[in-house]
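Below, chain A is the first sequence line, B the second, and so on; all start at residue 1. Model, not experiment: these values are computed from the prediction.
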Number of protein chains: 2
Amino acid sequence: MIDSSLAVSCSNCSVRRLCLPAELSRADIDRLERVTRRKKVVKAGEILYQSGDPFQNLYAIRSGSFKSVVIAADGDTQITHFALPGELLGLDAYSKRIHSSYAEALEDSSVCLLPFAQLELLAQQVPALQQQIYSIFSEELRQENDILMLLGKRSADTRLAALLINISSRYACRGYSCNEFILSMPRTDIANYLGLTAETVSRVFSRFHRERLIKVDGRVVKILDLLGLSEVAGTHCGYEVDG
Amino acid sequence: MIDSSLAVSCSNCSVRRLCLPAELSRADIDRLERVTRRKKVVKAGEILYQSGDPFQNLYAIRSGSFKSVVIAADGDTQITHFALPGELLGLDAYSKRIHSSYAEALEDSSVCLLPFAQLELLAQQVPALQQQIYSIFSEELRQENDILMLLGKRSADTRLAALLINISSRYACRGYSCNEFILSMPRTDIANYLGLTAETVSRVFSRFHRERLIKVDGRVVKILDLLGLSEVAGTHCGYEVDG
DNA sequence: CGAGTCGTTGAGAATTTTCAAGATTAGTGG
DNA sequence: CCACTAATCTTGAAAATTCTCAACGACTCG
């Protein structure tokens, strides 16, 4: 259960601001690190938390990736997020104290457990931490806007291009390569997420490949022409992409 | 600028929990109400805040409705939210201290201004208020999941049905009629939001009408067969609809 | 009253899905 | 290490859906 290797350094982590706020005293940092020390390994296909589970932790992804999935009344499932290394899972469960979606590892992954109750207590005593938590919530909402923008697109081309740029940018933010990466999710998951069929997703991948926008080999994607891809997407999806 | 009529009573407001937390002392409530007293009237088509504006307030909608719109790199616009009476606008701007979308009134509206800086200060002294703010952030994220679910649907029918149920449920939550309501946004806005064209939206409305799922007269919608509509939507979109 | 916006409907064009078959990859057990 | 099974991915062709372009009526606002 406990993983001692540090696949994602804390300095590249989305919760770095939370774990290592600049204005904390040494004593506060120690207290915080005591709270955020627990790690967990989740194998590909395993569930991190189930829909209906009580809310206890936030999860910071140290390595690997997850999908969050909501189950509809009729049993249909809808993928609502792909979570990448350095990102957070579970924030939406606070208000109801219950997870309304489940999170499944797309590959062997490792997460950092953040017990929210303890975090909350500490934040009451440390205003800087308080503000970090607001920031994280708010940033999460802002990134949702990028996703809504992506899903509001009408054509399959546009949506897939926007998704690729979105993922690329999110890797860039964490210091990973933004030109070449592995899509850890199967085509069916991408299709579900984008409101398309797996066949359409596959065809668009092939076409992008033929048009030399990207190089695709199974789940390995290399972006060859970011500008061209951006034009197809018609957006930067909210992320700044520098050279 | 200041509106003295109370179109939405505070007890029906989404921020009621924020404005009137149960565990506050009389003195704290007074302090809070001093902070949340300012109101603003926004006429149909007017902008509440512009993209790029500095973040200062949250806005609780007392009456009327808004759309939030993101402008893409290529000038394309994407509607990311419809905000109804009792709901909040602006939470996503906290982290960057700047609004990344603009909010436009869909009809003559009235909002309650919540200066976040002051709210934040007060929250540091009142843990109950702190938790309400987390709750509001988190609830906002959870509702985003409902929207992602809706946009992940593949057919126009399903998406529009899901949107109608979503809006109906949101009215129900605030104590308004969930069977009959006015869609304050034009068809083009619904289409933009759902990733469809206005013509398709119009056609689906007509079909739903013919199939006696709803009664449509321009922007007035009456739900005749909620169960049937839910079946088309394939989901309750996260809201419980009783009776 | 006239101009403009909004909503509806039709018909052909374009896109996407569906259904089906093969190719490739991944995982398993011998 | 190989063979075998299962899952994933790709591609094709026909069917279904949605979009585009166009026309027209209803409504609103100067």
[X]: side chain to side chain donor-acceptor pair (under 3.5 Å) partners, not counting sequence neighbours:
{"X": "B/Ser202", "value": "none"}
{"X": "B/Ser138", "value": "none"}
{"X": "A/Arg219", "value": "none"}
{"X": "B/Glu140", "value": "none"}

- Among residues two or more places apart or on two chains, list those pairs meeting salt bridge (charged side-chain N to carboxylate O under 4.0 Å, His left out) that have a residue in residues 183-205 of chain B. B/Lys67-B/Asp189
- Looking for any heavy atom pair under 4.0 Å, which part of the strands does A/Gly45 touch: base, sugar-phosphate only, or nothing? nothing
Restricting to pairs with a member in [range], which pass ring pair (Phe, Tyr, Trp, His ring centres under 6.0 Å), not counting sequence neighbours?
{"range": "residues 197-222 of chain A", "value": "none"}
{"range": "residues 138-165 of chain B", "value": "none"}
{"range": "residues 57-92 of chain A", "value": "A/Tyr49-A/Tyr59, A/Phe82-A/Tyr193"}

- Message: Tell me the bend of the helix from C/dC1-D/dG30 to C/dG30-D/dC1 as the angle between end helix axes, each from five pairs, rounded to the nearest 10 degrees.
- Response: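 About 60° separates the two local helix axes.
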- How does protein reach along nucleotides 24-30 of chain D, written 5' to 3' as B (base within reach of a heavy atom under 4.0 Å), S (only sugar-phosphate), or - (no contact)? -------
- Task: Could you check B/Gly195 against A/Pro186 and say which one's nearest nucleotide on DNA chain D is further toward the 5' end?
- Result: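 Its nucleotide being nearer the 5' end, the pick is A/Pro186.
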- Take atom NZ of A/Lys153 and atom P of D/dC19, then tell me their distance rounded to the nearest Å.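 Rounded to the whole Å, the gap is 15 Å.
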- Item | Euclidean distance, atom CZ of residue B/Arg154 to atom P of D/dA16 [Å, nearest integer] | 16 Å
- Item | Student check: side-chain heavy atoms of A/Ile71 and A/Tyr102 closer than 4.5 Å | yes
- Task: Decide yes or no for A/Val70 and A/Thr77: does some side-chain heavy atom of the first lie under 4.5 Å from some side-chain heavy atom of the second?
- Result: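 In short, these two side chains do not touch, never coming nearer than 4.5 Å.
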- Item | Side-chain (B/Ser109) to main-chain (B/Ser65) donor-acceptor, under 3.5 angstrom |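 Side chain of B/Ser109 to backbone of B/Ser65, a donor-acceptor pair under 3.5 Å: yes, one is there.
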- Main-chain N/O of A/Gly234 paired to B/Asp76 side chain as donor or acceptor, under 3.5 Å: no
- Message: Quick one, B/Asp146 with B/Arg142, criterion salt bridge (charged side-chain N to carboxylate O under 4.0 Å, His left out). Give me CA distance, side-chain angles, the key distance, then yes/no.
- Response: CA-CA 7 Å; B/Asp146 297 334; B/Arg142 205 200 50 71; 3.6 Å; yes
- For DNA chain D, what residues of residues 196-221 of chain A have any heavy atom nearer than 4.0 Å? A/Glu199, A/Ser202, A/Arg203, A/Ser206, A/Arg219
- Message: Distance under 4.0 Å to a non-hydrogen atom of chain A counts as contact; along DNA chain C, which nucleotides mark the start and end?
- Response: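 Span of nucleotides near chain A: C/dT16 to C/dC19.
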